[in-house]
Amino acid sequence: MDQKKIFNPKIWLTLFAVAHTFAFALWALMAGFATDAEVVEWLIEDGLPTDQIIVDEMRSAMFFLGVMAISIVPPFIATAFLLKGRAQAIMTLVCGGTFVMMWLLATYGEVSLEGAELGPDLLMGVVFAGGILYSGYLHLEDE
């Protein structure tokens, strides 16, 4: 099978947008609407204080994270469906670079600051970012 068919920017950008929306962005948005009891349960699991100020800030931060996460999706979808040829390839590289930066910052935060393991959930970002970047690169010569 031809690499250009496997690494079609439209496919990779759409895969990322769908996966990101349903696996992360909507979850973060909905966490902003969690009840105080649910947030307190999460804080207790992490061994954090459960003051009302912290509960309110946690809900606010989760909602804000969800808004930020969902706002990255439209440029990816627009690049996939509104552009063609070299313009699509260039914007695919821009989207892929943006995703690499998001992944690096998120991974740094989880692994270095929170002490999490570099597990499959974090490495999945490398697969998506690499696929998006490579698809853009392969199609740079398209008309």
Side-chain angles (χ1 to χ4, degrees), residues 1-50 54-143:
M1 190 174 260
D2 185 27
Q3 283 188 16
K4 282 192 166 188
K5 286 186 180 185
I6 295 171
F7 290 98
N8 182 334
K10 185 179 286 190
I11 292 170
W12 282 90
L13 292 166
T14 304
L15 276 173
F16 168 76
V18 169
H20 184 69
T21 298
F22 291 106
F24 178 67
L26 290 178
W27 169 81
L29 272 173
M30 295 310 293
F33 294 108
T35 64
D36 285 356
E38 291 170 324
V39 175
V40 166
E41 186 177 317
W42 298 335
L43 292 170
I44 289 171
E45 286 175 8
D46 291 338
L48 298 170
T50 57
I54 294 172
V55 170
D56 293 342
E57 284 300 315
M58 180 81 160
R59 288 175 56 199
S60 174
M62 289 304 292
F63 183 75
F64 178 75
L65 180 63
V67 169
M68 296 305 291
I70 204 76
S71 68
I72 195 71
V73 173
F76 281 67
I77 294 296
T79 299
F81 292 99
L82 298 179
L83 299 175
K84 296 203 181 314
R86 184 168 171 79
Q88 184 184 50
I90 291 169
M91 272 307 294
T92 299
L93 289 171
V94 170
C95 289
T98 302
F99 184 43
V100 167
M101 185 181 68
M102 290 176 3
W103 181 82
L104 283 172
L105 292 173
T107 303
Y108 172 76
E110 286 196 34
V111 174
S112 296
L113 301 179
E114 294 179 14
E117 294 289 321
L118 188 62
D121 57 330
L122 291 175
L123 294 177
M124 185 173 59
V126 173
V127 171
F128 275 116
I132 291 169
L133 286 170
Y134 192 58
S135 70
Y137 173 75
L138 279 179
H139 292 269
L140 277 174
E141 301 302 320
D142 291 356
E143 292 292 322

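All residue numbers in this chain count up from 1 along the given sequence.
Test Lys84, Lys4, Gln88 against Asp142 for side chain to side chain donor-acceptor pair (under 3.5 Å) and you get one pass: Lys4. The ring-ring contact (aromatic ring centres under 6.0 Å, His included) test with Trp12 singles out one residue from Tyr134, Phe99, Phe7, and that residue is Phe7. Partner of Glu110 under the side chain to side chain contact (heavy atoms under 4.5 Å, CB included) criterion, chosen from Leu122, Leu105, Leu118: Leu122. Partner of Ile11 under the side chain to side chain contact (heavy atoms under 4.5 Å, CB included) criterion, chosen from Leu13, Leu15, Thr14: Leu15.
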Using the rule given for side chain to side chain contact (heavy atoms under 4.5 Å, CB included), can you reason through Asn8 versus Ser135, listing the C-alpha separation, both sets of side-chain angles and the distance that settles it, and then say yes or no? CA-CA 6 Å; Asn8 182 334; Ser135 70; over 6 Å; no
Evaluate the criterion side chain to side chain contact (heavy atoms under 4.5 Å, CB included) for residue pair Phe33 and Met62; output intermediate values, then yes/no. CA-CA 9 Å; Phe33 294 108; Met62 289 304 292; over 6 Å; no
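Leu133 approaches Gly97 most closely through the heavy-atom pair CD2-N, 3.6 Å. Of all the heavy atoms in Ala87 and Leu83, the pair that sits closest is O-CD1, 4.0 Å. Heavy-atom minimum distance, Lys10 versus Ala80: CE-O, 3.2 Å. Closest of all the heavy-atom pairs between Ile132 and Thr92 is O-CG2, 3.2 Å. Taking every heavy atom of both residues into account, Ala19 and Phe128 meet most closely at CB-CZ, 3.9 Å.
Ring pair Phe16/His20 is parallel by interplanar angle, where below 30° counts as parallel and above 60° as perpendicular.
At distances below 3.5 Å, at least one donor-acceptor pair connects side-chain atoms of Thr79 with backbone N or O atoms of Pro75. The closest donor-acceptor contact from the side chain of Arg59 to the backbone of Ala34 lies under 3.5 Å. One N or O on the side chain of Ser71 and one on the backbone of Met68 form a donor-acceptor pair closer than 3.5 Å.
Taking the side chain as every heavy atom from C-beta outward, Leu104 and Val100 approach each other to under 4.5 Å. Contact annotation: the side chain of Thr50 never approaches that of Val39 to less than 4.5 Å [non-hydrogen atoms, C-beta and beyond]. Ile54 places none of its side-chain heavy atoms less than 4.5 Å from the side chain of Leu48.
The environment of Phe64 atom CZ is sparse: at most 12 non-hydrogen atoms of other residues, nucleotides or ligands sit within 6.0 angstrom. Within 6.0 Å of the CD atom in Glu141, the count of heavy atoms belonging to other residues, nucleotides or ligands does not exceed 12.
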